[in-house]
Every structure is written in C-alpha cells, then in structure tokens.
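Below, each value reflects all heavy atoms present in this structure, side chains not excepted, and no hydrogens, waters or symmetry copies. Quick caveat, the model's predicted, so the values are computed rather than measured.
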Amino acid sequence: MMRLYIPHDAAAIAVGADEVVAQLELAATKHGVSIEIIRTGSRGLCWLEPMVELSTPQGRVSFGPVGMADVPSLFDAMSSNGPHKLRLGLADEIPWLKRQTRLTFARCGIVDPRSVEDYRAHSGYKGLERALSLTPAQILADVTSSGLRGRGGAGFPTGIKWKTVADAKADRKFIVCNADEGDSGTFADRMIMEGDPFVVIEGMTIAGITVGATKGYIYIRSEYPHAVIAMNAAIAAAKRAGLLGSRIGGSAHSFDLEVRVGAGAYVCGEETSLLESLEGRRGLVRAKPPLPAHKGLFGKPTVINNVLSFAAIPFILDNGAKAYADFGMGRSRGTMPIQLAGNIKHGGLFETAFGMTLGELVDDIGGGTFTGRPVRAVQVGGPLGAYFPRALFDTPFDYEAFAARDGLIGHGGIVVFDDTVDMAKQARFAMEFCAVESCGKCTPCRIGSTRGVETIDKIRNGERVAENLAVVEDLCNTMKFGSLCALGGFTPYPVMSALKHFKEDFGPAPTRLQAAE
Ligand SMILES: Cc1cc2nc3c(=O)[nH]c(=O)nc-3n(C[C@H](O)[C@H](O)[C@H](O)COP(=O)(O)O)c2cc1C
Ligand code: SF4
C-alpha cells in the first residue's frame, strides 16, 4: 500500500493541494494501487507547497511543489520509489528544516491534526500529564523560569500574567486564546491551529488548571475558516477522549473550550477590544487598569495569551523549564516561530532560538527576494513594526535588540521589500492603515492618522516638504505618547523609521524609483 502525507493547510490548499490529492487518488484507482492519504499540517516550506510525502522504510520522502501536470510521472516515481525532478529527499534531511529548532512546531506537518492518538504517539499530552501531578505553584514556577514571554507582540512574561490571575480571588476565571493574528506577514497561529491543534488545547488546559479557570475561549479571525474547522474538530475529539470537560484525564479538574469567530477588525486583536468583542459588543479598546488579569472577560480574572504562547507550554511542562530556557539570548528565551513573507524567495515558517541576525534570516534562510532584485527594506513585527534597512541587518532577533534600534519583533513576521519600494508610500500606508482600523476611542489615533495621511500626501506632492515633514514628526509624537493603545501608539514606528532610514523617498518625483523601472 502507498501511504502519502499531504498538507490540508490553507496555504497548501490555496496552491492546489486538494486537486493534487484528487488526481493522486484517480491515478491510484487507474493503476489498481491501494493508497492512504493522510492530510497533515504544513511543514512550513511555503514555496514548495503543495508538498507530497511518501512513506518509505527509510522515512518520509518529499516531493514539491507538485502541480497537476506532475501527478502521472510522480505517481510512477513513487510507485517504484524512483527518481523524479521534484524529489527533495528525506523530509527530515531538507536543510531548511534541519537548521531549525522546532519545539513548538515539532509535530506540525507530521501528525494527523484530527487524531488525539497520533498527537499522543508524538509526545502529546505529556505536558498535561505532568501538570496534573504538580501543584499550581509548581507549574507557575516552571512557566516563569522557562522565561517564556508572550508571543502576541508585547513580549510580556507569561509566568507573571498567570500568577496574577492565579492570585486573584473570584468565583469564575477564564482563559482566552488570542487567535486574531492580524499582523501583516504572519501565519504561525493559523499554521499551528491547522497542523497541531491539540498543542493549543493542551497549553490552554494547563493554563486553566494553573489559575483555577474552568472555561476557555479561542477567538479566531473570520479569515481563518480552515483553522476554525480544525480547532472545533480537535475540541470535539479531546472531549471524546476525556481530555476536555469534567474530570479531565481522570483528575479532579474540569476545563472546557469553545471557539468564537471574529468579524474582521485588526483592533480586535488588542486584548481588551477582543474581550469586548467576545462579550458581543463592538471592538472598542478598554482603558487599563483594570488589567484583564484582574477584570477581564465578563469582569472576571482572565488569562489572555497568544496562540503561540499557549502552544509553547506543553514542551515546557514535558521537558522542564531549563530545556526551553537553554535556547535564546538575553531575556528572550526559547524559540520563536519566525514567519518569512513578502517579496522573499523562500517564504515560510522558520522556528529557531532567539539570536539569529535579521540578515541571516532574510538573505541566508529566506534566500533574498522572490524577484531577484536587491533587498531594500524589511518590516518586522506587523503593520506597527519599524522598517529596517540593510544597515541594520546585524540586529539579532531579540526583543531588547530590536527595541534598542526603535523596532519590535512583535509576532515574528518579517515582510521583505526589494529596491522598487517607495518608502514614502509605505509611510502613508501605515497612517492609512491606522485611520481605517482605529477603534475611534481616542483622538491622537482617530484624527492624527487621518492628518498623517493628508500630510504625507502633501510631502509626496512636493508641497512645503520641510514644514510638512516637521508636522509628520509632531503628529507621530502626539500619537506615540497620547494614544490609549498600541495601534495609535506604535503607528509612528513604521512612519518614523521610513523617514529616518529612507529620507530620499520623501519628496516629489523619487528619481531612484524612475531609475529602477
Ligand atoms: C492593535 C493591536 C492588535 C493586536 N493584535 C494581536 C493579535 O492579533 N494577536 C495577539 O496575540 N495579540 C495581539 N495584540 C496584543 C494583545 O493585546 C495582547 O498583548 C496579547 O494577546 C497577549 O498575549 P501574549 O502575552 O501571549 O502575547 C494586539 C495588540 C494591539 C495593540
Ligand atoms: S489608539 Fe486607536 S485603536 Fe487604540 S484606543 Fe485609541 S483610537 Fe482606539
């Protein structure tokens, strides 16, 4: 029998994975070969999708990217385990994968995301098992000493957040998973929810046990229908297996989960506005304090963490805090699932210990631009992240190192631009994005962003450039220091970094661009 593994990941489906599956099934019928196709998550080598893996005695052999026209010859090659132009060799030996340190994504692309048994066969639920043998204080000690910091953007220590909720006195507490993933160039939350949903469930369950919460919600953006299906299926499977619901795993603890789907606002990723949305209201940012850890969902103490933060927990509990903290640099411990996107040759998910330089990630791992032109700028950390020029490519991937250069790593997304980019246009886009996505609660963001668009337009039209540049700078300062949340407060980062590092683009008729065309 021929056993194949083909991703059911949204990115793989978008480039034809479902059609390839259908064609392979037809080919098998035609040749009278019995075939089993297991739909996995993606390994994260997006430029090689759809990737097909053949089970062999030596391990899984990969082929990709597989187009419909390749199927007949591929089927013949796989039947005889012979050569083929798309053959990439043993999956585990592919250098792009081998160079990674996959702690959070260890199972993604390997297991069947619908099977609790497969998850368990790959060390799944070992973290929960250990957590059930510990006291909440012992779990907190592990999470704290692992050095894990929130992967949603702010990098806040997860152990401290959990302890605050654990210490709070209340009749009910909640766990909320932030799967709104609105940052440009990011897709790690989606990938793990589609490829290894049980790791998110396990992490949230451990959080529930630790802080004394019996109910959790996963707030997923509506643009992720495949992730919604995968998470709902995994929740149902975990319930059937007695791993969600009352007396989980035969213990005295109860924990239940529900998926909620957002309605498509970037600001609903901001934790307090997400809570408003979960409660059925418009996504308006709440003033802090009170912190969600004290008064969160329905006014109760709430742990709200990013998908990747929860997904890192099972490894920490299973292997010990030290095993996680041994990776990384400075105060950035463990690994970061970095997402390479934009105009890049080898786009995808690369999980590695903190500390690799931006240049290594873009040039070496990413292979430079897709267009083959020189890299001119990269935006790290989503639409509120700074633009870095080549001169800053020696910056190590680390929260503090980026902050020291007026940047942020955010959710780990890197978007690459070649030398045809117009950075004044990008600065305008940052202001426009803020104007469109502003929740409207505070003036610096609501009005400042619109004035920002108008002023940058004037600069681009060559109107009183020096004066208008000063106005943009002034607006940025007002937004940075006067906004209620980071949407208005961080929009100055892309704007000011574009101005600082690419000043030559601000003015009428950028001659550099005409030369590049
Ligand atoms: C405008 C805005 C959008 C945000 N979007 C997200 C998001 O999509 N996903 C996320 O996890 N955090 C997002 N955050 C950060 C959250 O407010 C919060 O810090 C995070 O969910 C906490 O989880 P963590 O500690 O695990 O990172 C956003 C923040 C702001 C200001
Ligand atoms: S900064 Fe913008 S998004 Fe944040 S509260 Fe103010 S208006 Fe709302």
task = Evaluate the side chain to side chain donor-acceptor pair (under 3.5 Å) criterion for residues T352 and Q100: first the C-alpha distance (whole Å), next the side-chain angles of each, then the deciding distance (0.1 Å), finally the verdict.
result = CA-CA 5 Å; T352 186; Q100 303 189 35; over 6 Å; no
query = ring pair (Phe, Tyr, Trp, His ring centres under 6.0 Å) between F393 and F388: does it pass, once the steps are laid out?
reply = CA-CA 8 Å; F393 273 21; F388 274 18; 8.4 Å; no
request  = Before giving the answer on side chain to side chain donor-acceptor pair (under 3.5 Å), spell out for H411 and D189 the whole-Å C-alpha distance, their side-chain angles and the decisive distance to 0.1 Å.
outcome  = CA-CA 9 Å; H411 185 48; D189 294 350; 3.1 Å; yes
message = Apply side-chain contact (heavy atoms from CB on, under 4.5 Å) to residues D418 and V375 and explain how you reach the verdict.
response = CA-CA 4 Å; D418 73 12; V375 175; over 6 Å; no
key: Test log, rule side-chain contact (heavy atoms from CB on, under 4.5 Å), inputs I338 and L349   = CA-CA 6 Å; I338 293 167; L349 185 122; over 6 Å; no
ask   = So E202 and Y119, side chain to side chain donor-acceptor pair (under 3.5 Å) or not? Walk me through it.
value = CA-CA 11 Å; E202 187 182 351; Y119 180 64; 2.4 Å; yes
Chi angles and distances behind the side chain to side chain donor-acceptor pair (under 3.5 Å) call for T56, N81 = CA-CA 8 Å; T56 75; N81 199 3; 4.8 Å; no
ask   = Is there a salt bridge (charged side-chain N to carboxylate O under 4.0 Å, His left out) between D422 and R428 once you walk through the steps?
value = CA-CA 10 Å; D422 175 347; R428 183 195 191 278; over 6 Å; no
request  = Evaluate side-chain contact (heavy atoms from CB on, under 4.5 Å) for I38 paired with L4, printing each intermediate quantity in order.
outcome  = CA-CA 6 Å; I38 297 157; L4 302 177; over 6 Å; no
query = Would L317 and L128 satisfy side-chain contact (heavy atoms from CB on, under 4.5 Å), going step by step from the backbone distance to the final call?
reply = CA-CA 7 Å; L317 264 294; L128 177 64; over 6 Å; no
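Ion pairing between a basic and an acidic side chain is recognised when a charged N comes within 4.0 Å of a carboxylate O; D180 and R221 show no such pairing. In this structure, R405 pairs ionically with D394, as a charged nitrogen and a carboxylate oxygen lie closer than 4.0 Å. The existence of a salt bridge linking R107 and D118 is excluded, since no basic side-chain nitrogen approaches an acidic carboxylate oxygen closer than 4.0 Å. Checked for salt-bridge contact, E504 and R376 meet the test: a charged N lies under 4.0 Å from a carboxylate O. A salt bridge does not link D142 to K322: none of the charged side-chain nitrogens sits closer than 4.0 Å to a carboxylate oxygen. Salt-bridge annotation for D505 and K425: absent, with no side-chain N of the basic residue lying under 4.0 Å from a carboxylate O of the acidic one. Of the charged side-chain nitrogens involved, none lies within less than 4.0 Å of a carboxylate oxygen, so that R190 and E223 do not count as a salt-bridged pair. Using a 4.0 Å cut-off between charged side-chain N and carboxylate O, R390 and D363 make a salt bridge. Ion pairing between R3 and E36 holds under the 4.0 Å rule for side-chain N and carboxylate O.
A 4.5 Å side-chain heavy-atom check between M191 and S42 finds at least one atom pair inside the cut-off. Side-chain contact between D112 and E117: absent, with no pair of heavy atoms (C-beta onward) separated by less than 4.5 Å. Counting only heavy atoms from C-beta outward, the side chains of I218 and V228 never approach each other to under 4.5 Å. Residues S332 and E400 meet the side-chain proximity criterion, which asks for heavy atoms closer than 4.5 Å. Residues V303 and F310 meet the side-chain proximity criterion, which asks for heavy atoms closer than 4.5 Å. Y5 places none of its side-chain heavy atoms less than 4.5 Å from the side chain of I110. Within the 4.5 Å cutoff, no side-chain heavy atoms of P494 are placed close to those of Q426. Residues L358 and I414 have side chains in contact (heavy-atom distance under 4.5 Å, counting atoms from C-beta outward).
Here the two rings, on F75 and H31, have centers that are under 6.0 Å apart.
Closest of all the heavy-atom pairs between I344 and G366 is CG1-O, 3.4 Å. Across all their heavy atoms, G195 and V111 have their closest contact at O-CG2, 3.8 Å. Pairing each heavy atom of G355 with each of M329, the nearest pair is CA-SD, 3.4 Å. Minimum interatomic distance between F198 and A238 (heavy atoms only, all atoms of both residues): CE2-N, 4.2 Å. The minimum heavy-atom distance between Y399 and G155, with the atom names listed, is CE2-CA, 3.8 Å. Of all non-hydrogen atoms in V66 and F63, the two that sit nearest each other are CG2-O, 3.7 Å.
For the side-chain hydrogen bond (donor to acceptor under 3.5 Å, both in side chains) test, residues two or more places apart in sequence or in another chain that qualify with D18 are R39.
Of the possible polar contacts, one joining the Q339 side chain to the F187 backbone as a donor-acceptor pair under 3.5 Å is found. Between the side chain of E351 and the main chain of L103, a donor-acceptor pair closer than 3.5 Å is present. When atom types are taken as modelled, the side chain of K98 and the backbone of D92 share no donor-acceptor pair closer than 3.5 angstrom. D318 contributes no side-chain N or O that, together with a main-chain N or O of P314, makes up a donor-acceptor pair within less than 3.5 Å. The closest donor-acceptor contact from the side chain of D70 to the backbone of G67 lies under 3.5 Å. Under a 3.5 Å cut-off, the side chain of T29 and the backbone N or O of E25 do form a donor-acceptor pair. Put simply, the side chain of W96 gets close to the backbone of I365: a donor and an acceptor are under 3.5 Å apart. Of the possible donor and acceptor atoms, none in the side chain of T186 sits under 3.5 Å from a partner among the backbone N and O of G182. Although no hydrogens or angles enter the test, the distance criterion places no donor-acceptor pair under 3.5 Å between the side chain of T335 and the main chain of A353.
For R333 and Y324, the positive end is not near the middle of the six-membered ring at less than 6.0 Å and at most 45° from its axis. A cation-pi arrangement, defined by a distance under 6.0 Å to the six-membered ring centre and an angle within 45 degrees of its axis, is absent between R149 and F156.
Within a 6.0 Å radius of CZ in R114, no more than 12 heavy atoms belonging to other residues, nucleotides or ligands are found. Crowding of R331 atom CZ: a count of heavy atoms from other residues, nucleotides or ligands under 6.0 Å not exceeding 12. The number of heavy-atom neighbours closer than 6.0 Å to CZ of F370, taken from other residues, nucleotides and ligands shown, is 12 or below.
The line from OG1 of T158 to CG of N306 is 9.5 Å long, rounded to the nearest 0.5 Å. Rounded to the nearest 0.5 Å, atoms CD1 (I6) and CD (E53) are 9.5 Å apart. Atom CG in L24 sits 12.0 Å away from atom CD in E19 (nearest 0.5 Å). Annotation: the span from M336 atom CE to L361 atom CG amounts to 11.5 Å, rounded to 0.5 Å. Rounding to the nearest 0.5 angstrom, the gap separating the CZ atom in R260 from the OH atom in Y217 is 5.5 Å.
With no hydrogens or angles considered, a side-chain donor-acceptor pair links D183 and Y266 at under 3.5 Å.
Between F397 and F354, the angle of the ring planes stays under 30°, which puts this pair in the parallel group of the 30/60° scheme.
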